There are 2 protein chains.
Amino acid sequence: MSAENWLQQLQDNGYRITAARRAVVFTVFGSVHALTPAQVYEIARKKYRALGLVTVYRTLEKLEEQHLIQRVHQPAGCQAFISSGMGHQHLLLCEQCGKVAFFEGDDLDALTTAIAQKTGYQIHEHWLQLFGLCSSCK
Amino acid sequence: MSAENWLQQLQDNGYRITAARRAVVFTVFGSVHALTPAQVYEIARKKYRALGLVTVYRTLEKLEEQHLIQRVHQPAGCQAFISSGMGHQHLLLCEQCGKVAFFEGDDLDALTTAIAQKTGYQIHEHWLQLFGLCSSCK
DNA sequence: TATACTATTGAAAATGATTTTCAATAAAGG
DNA sequence: CCTTTATTGAAAATCATTTTCAATAGTATA
Ligand SMILES: [Mn+2]
Ligand SMILES: [Mn+2]
Ligand SMILES: [Zn+2]
Ligand SMILES: [Zn+2]
């Protein structure tokens, strides 16, 4: 998956490729940190000066709708986005610098079955997120 | 733990017990659903008419600071609060009616050790949340 | 390549949630 | 009681996000 692929996917779904969208897509695609709309705006404007913040919001909305990015929930706030990993993955966040890593291989089947049993809920989904310090920050 | 205990804990920490706070505390304490400030306001006003929305925000802030309540993150939004369980617990949320259940007994030690190994992160904390349908809704 | 159609744009205004300001009130301790 | 000072609600301010709108630019088609 490349930034060009993201643009292609947008086009395949009836959206147009524009200079503003290129700037946003390349900004978000290339970041190892979760970025807020305001941060995306600030960075993407270096690539495309005329960019408006409104367009950042609108483009992030479309990227999220295409599951190319996802919202990151943190103690400090829940407005930031990061490019989605592929398949079933979860996030590991550096509490210091905000760097994001993906991981997989969590096996919660036994747990969810037991909880379903105990509570009477039918469980559909789980959110799992780890917090810590990345190798540079620790 | 009772609502009176919450008020006591606030007082022990230098805060005063007022009619407005009683209304908010009893509202949040007695709810099996996560409530937004606006919802708390609506319900608590039945107990204390003169209540202001600002005071709801200010009281929730103090309850969260005392770890008596916690913010609930959901796909629909992250403004709601629920009374905290005791000890290390996680949430199970009904996607239909919003009912909240707590569970414990998740064992992520093996996973976090493996991920720490693989990524080089030092892992401090985890967020885990289950979503599904409660026994009434399924 | 030129043209037509219409999605997309940024600015400005509107909205919605939360926070700050402030003078009046009421809780708590003596 | 009295005094002190935290707390209150209303109003204003702030901040993030959304809507409106007329101008512009992408894309399909000829
Ligand atoms: Mn998983
Ligand atoms: Mn746990
Ligand atoms: Zn770091
Ligand atoms: Zn339910």
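Letters go in sequence order (proteins before strands), and every chain restarts at 1. Quick caveat, the model's predicted, so the values are computed rather than measured.
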Sugar-phosphate only, base, or nothing, as touched by Arg58(B) at under 4.0 Å among non-hydrogen atoms: base
Which nucleotide in dA27(C), dT8(C), dT19(C) has an atom nearest any side-chain atom of Val54(B): dT19(C)
Given dT17(D), dT8(C), dA27(C), the nucleotide with the shortest approach to the side chain of Leu53(A): dT17(D)
Asp109(B) backbone acceptor or donor facing Asp107(B) side chain under 3.5 Å: yes
From dT8(C), dT7(D), dT17(D), nucleotide with atom closest to Tyr57(A) side chain: dT17(D)
Side-chain donor-acceptor pair present, Tyr15(B), Glu65(B), cut-off under 3.5 Å: yes
From dT17(D), dT8(D), dA25(D), nucleotide with atom closest to Gln79(A) side chain: dT17(D)
Closest to the Arg21(A) side chain, choosing from dT17(D), dA10(D), dT8(C): dT8(C)
Polar side-chain atom of Arg71(B) near backbone of Cys78(B) as donor-acceptor pair, under 3.5 Å: yes
Touch class at under 4.0 angstrom, heavy-atom based, for Tyr41(B) against every strand present: nothing
Sugar-phosphate, base or nothing in reach of Glu61(B), heavy atoms under 4.0 Å: nothing
Parallel, tilted or perpendicular: ring planes of His90(B) versus Phe103(B), cut at 30 and 60 degrees: tilted
